[in-house]
Amino acid sequence: MIYIEKSGWQGFRLPDYRVALDAGGHPNDHVFITHAHADHVPRDRKLTVHCSAATAALMRVRGFTGEARVHDFLQPVDLPGCRVTLYPAGHILGSAMVFVETDQGSLLYTGDFRTPPSPTTEGFEEPAGADYLITEATFSLPVYRWKPQEELFQMIREFATDALADGDTPVFLCYNLGKAQEVMHALAPAVDRIQIHGAGYGLCQVYTEFGYDLGNYETYNRDTLEGSALITPGSTLDSAMLGSIRRKRVAYCSGWASNDARRVQLNADAMIPLSDHADFFELIDFCKRMQPRHVYITHTPNPDVVSHYLSKEGISSSGMITEGKADE
Amino acid sequence: MSDEKRGPRNDPENNRSQGLNRDSFLQFCETMEDVSRTRSMNGKIARFAAYLGGLPGTGDVDLACRFAGEGAFPSVSGRRASVGHRTIGICAAEFCGIDYDLVFKPCRTATGSSSETIQRLMENLDEVRAKQRSSLPGLRQIESEFERLGQARSRDNKQALLHEIWTRLSPVEVKYFIRIMGQGSLRTGFEARSITPAIAAAFGADAEQVRYVHMITGSLGRTAALAREGRLHEAGFGLFHPLAFMLASPIESRSIGDLAGYVAEEKFDGMRCQVHTDGGEVRLYSRDLNDISGSFPEVTAVFAGKQLPPTVLDGELCVFRDNTIRPFQHLQKRMGLKKPSNKILESHPVIFIAYDVMFTGGRPVFDLPLGERRELLEDLSAEYHINLTRQYTIADEADVERLFNEALARGNEGLMLKRRGSTYEYGQRKKSWLKVKKPGGSIDTVIMYATAGSGRRGGTYSDFTLGVSVKDDDRYEEEFIPIGKAYGGYSNEELKKLNEAIKPLIADRFGPTLSLLPGIVVEVEFDTIQLNRRTKAGYTLRLPRFRAIRWDLTPADADTLRDVEKLYDELVNAERASQAGEMSFYRGGSRV
């Protein structure tokens with residue numbers, strides 16, 4: 001049995017091994033950060049943390065000033081009483097699942113993950129199995145089944161080229177870390193120029209440094225916008241910035257775009273259900289492959305639905321409530 | 001991904017066009033999907049018009065417009081498929097092989113739409129895809145399926161029918177099938193007032209004439225059929241088909257520059273009613289176009305006795321006793337009764353007070369200006385002794401204020417301001433009629449439950465169950481008990497803030513509903529308080545809405561059930577000026 005406790009906003013601790021997962025934990029804990037999204041990074045920006053190289057670089061752009069002990073994926077790290085390995089999670093650049101092996105069994109904490117992985121990540125790899133699995137379940141209902149990635153990328157490219165051909169600026173509403181870069185990567189072969197809202201630009205540079213093609217991009221500039229695709233967070237939809245662009249077509253890119261209600265709420269021209277997370281069916285398959293003794297389900301208001309399906313597969317599970325909804 | 005499950009594309013009955021048959025239901029559904037995705041109203045109209053123009057037969061055009069804007073049955077028929085939400089949900093869960101409470105309900109909460117949930121489950125679940133194959137039914141086959149459902153009596157029969165029909169439809173067809181069956185909006189942002197210009201565009205007809213024909217026939221399907229055949233001029237208005245009512249806007253939401261351009265009438269605290277009468281034949285229709293003649297036999301009998309020529313009137317049903325209009329709470333006792341007893345007919349007698357006329361002298365008069373309709377109505381009222389609302393001319397705010405207070409003194413709700421020269425804007429809520437109402441009151445309540453909304457508000461907690469305090473009340477063991485459920489009155493900003501603020505208060509979840517610890521105080525405004533024995537409190541608020549979120553107050557500041565009881569007594573027993581002297585209406589048409 002590995003004892004797990006909740007820690008911080010959305011994280012966990014393994015007190016017997018002094019390992020904290022996406023949480024500041026206690027003093028002298030080994031803090032592992034799965035990825036650079038704000039809901040997974042402790043509030044204390046001066047901590048010493050363990051993470052992947054890309055996660056460290058992205059956290060620094062977002063104001064992290066502590067020490068980052070960087071580990072390669074699939075390279076085990078020996079700590080007192082346990083061995084920890086990072087597996088690429090396919091969610092955003094740098095995202096990792098944390099695999100902890102102890103004499104009490106093994107535990108896999110997924111952080112956020114996506115299978116099949118985003119092409120702007122280090123891919124997705126999983127251990128052969130885990131005794132205990134703490135999994136996110138953001139899209140934990142059978143109404144969520146994603147279209148093939150290539151089909152979605154084609155939608156993105158066609159939306160952009162159609163708009164540009166008509167003299168409109170294609171505007172993609174997407175979260176500025178992860179989704180923005182994936183959309184840019186999809187657009188790169190199809191459009192000549194991309195502009196990105198200021199907050200996202202520095203993050204894009206990290207992707208470029210790590211060798212990902214995000215096309216020909218620059219920060220948003222009203223005067224030179226014409227002929228570019230624009231990438232901007234959803235929160236700017238009603239902003240003066242978007243208001244000042246008279247000829248535009250707006251696409252919302254998120255797993256939540258699969259819900260019709262979002263279309264009406266956002267009043268967007270296109271809804272592109274491109275998610276950073278596994279869909280429901282992939283989630284269940286993944287849990288099955290891990291052959292766990294027990295699954296802890298987090299990041300969802302509906303852990304009971306996942307439990308219900310896992311129990312049909314003979315897998316024991318329970319919900320672990322964390323607050324808030326994941327950024328998408 | 002979705003093509004493989006559509007099944008064969010040859011329909012034995014129709015082989016007019018290659019590819020998808022134009023009169024297939026699937027083509028209709030895909031057109032509506034396209035309309036839904038299109039943002040501009042002109043774009044929506046153009047797409048639907050192109051679809052209508054391509055339909056092979058007049059019957060198809062009729063059905064396509066009916067399905068798009070009315071429902072499974074023509075809205076004037078008053079018929080319903082009568083399949084409840086729960087029946088549909090349970091049937092869908094069973095069809096998909098999933099647990100209704102455990103899986104279906106959370107999915108519905110997440111999407112905010114039962115029909116969308118069903119569509120997506122059918123698309124996503126392999127075992128469902130295996131048993132579903134669209135037979136590509138035509139619009140007419142779908143109509144006959146609705147007919148069968150309408151005739152099925154028991155819930156079991158309806159469920160068996162639904163199950164059988166769904167095996168022959170694709171998921172998107174099922175979604176629209178369910179939405180049409182609900183006789184409500186298809187949620188494509190494309191409603192009746194946009195369908196009429198599409199009909200005009202499809203068949204080169206005059207948009208104004210199409211609108212008018214829709215107004216007098218009450219049927220989009222029939223209007224479209226006439227337009228296609230160039231026979232719009234033949235359309236006539238027939239009695240005993242209810243018409244959509246003209247609606248009023250709250251005065252707060254409109255700024256009016258020229259009060260003198262309006263006349264005022266008192267707004268009765270009753271029930272809106274449309275009277276169709278021709279000699280001894282009389283029908284009463286409610287605001288939702290149901291035939292309510294049987295519930296108000298005394299009103300029906302009075303009109304039958306008058307032997308009017310064909311006439312359609314708009315007005316209000318009120319309980320009238322001892323020369324006063326009784327409060328709405330009294331009328332409420334009559335509203336649910338299909339066959340009222342002699343006893344209640346005597347204790348709660350109902351009268352009809354007319355305030356508009358839509359048909360008289362052998363022709364529809366919607367398009368006459370208000371003043372001319374009023375003259376016709378006054379003539380009818382005088383000749384046939386029909387109760388007629390009193391009309392006042394107003395010049396300024398002071399007049400409105402004075403008349404408003406007089407109306408309240410007589411127990412009425414407030415005033416209706418009607419724009420001079422306005423036509424009877426059938427089914428529309430515009431600036432021509434304005435209601436000036438005083439809220440019944442407001443109380444401070446605590447949010448007890450939050451429920452995720454549906455449709456536009458899917459995925460957000462937007463419905464709030466509000467409670468009053470019974471902490472010091474011997475009759476109860478709880479601290480708070482529910483008094484009403486409010487869905488509006490807050491801004492988008494406030495709603496966002498509320499959604500954040502409830503997070504730390506979550507005590508439990510029941511499907512889409514969160515049970516909350518007492519923490520947030522809301523000042524809720526309501527029209528009136530009603531007795532309701534089925535609730536724990538024994539009272540419910542009518543039309544409760546947020547007036548303010550009182551971040552400054554704590555649950556200890558909430559009003560108590562005793563406060564509500566006191567308010568109720570005040571509302572019901574308030575002195576009402578009798579109609580003996582200065583009256584709200586002319587009784588039996590006799591002008592004072």
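Both backbone and side-chain heavy atoms feed into the values below; hydrogens, waters and symmetry mates do not. First the proteins, then the strands, lettered A, B, ... as listed; each starts at 1.
- Contact check on A:Arg249 versus A:Asp166 returns a salt bridge, with a Lys/Arg side-chain nitrogen under 4.0 Å from an Asp/Glu carboxylate oxygen.
- Here B:Glu33 pairs with B:Lys175 under the salt bridge (Lys or Arg N to Asp or Glu O under 4.0 Å) rule; sequence neighbours left out.
- Taking chain B as the reference chain and counting heavy-atom pairs below 4.5 Å, the highest number among A:Val143, A:Val305, A:Asn259 is found for A:Val143.
- Within the cation-pi definition used here (under 6.0 Å to the ring centroid, within 45° of the axis), B:Lys497 does not qualify as a partner of B:Tyr490.
- Using a 4.5 Å cut-off between heavy atoms, B:Arg39 contacts chain A through its side chain alone, with no backbone atom that close.
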Residues A:Phe159, A:Phe172; criterion ring-ring contact (aromatic ring centres under 6.0 Å, His included); working and verdict: CA-CA 10 Å; A:Phe159 181 83; A:Phe172 293 90; 5.6 Å; yes

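- Heavy atoms of A:Phe280 lying under 4.5 Å from chain B are absent altogether.
- Both the backbone and the side chain of B:Ser36 come within less than 4.5 Å of a heavy atom of chain A.
- A:Ser140 does not touch chain B: none of its heavy atoms, backbone or side chain, sits under 4.5 Å away.
- Electrostatic pairing of B:Asp126 and A:Arg145 counts as a salt bridge here, judged by a charged N lying under 4.0 Å from a carboxylate O.
- For a residue to count as touching a neighbouring chain, one of its non-hydrogen atoms must lie under 4.5 Å from one of that chain's; by this rule A:Ala268 touches chain B with the backbone only.
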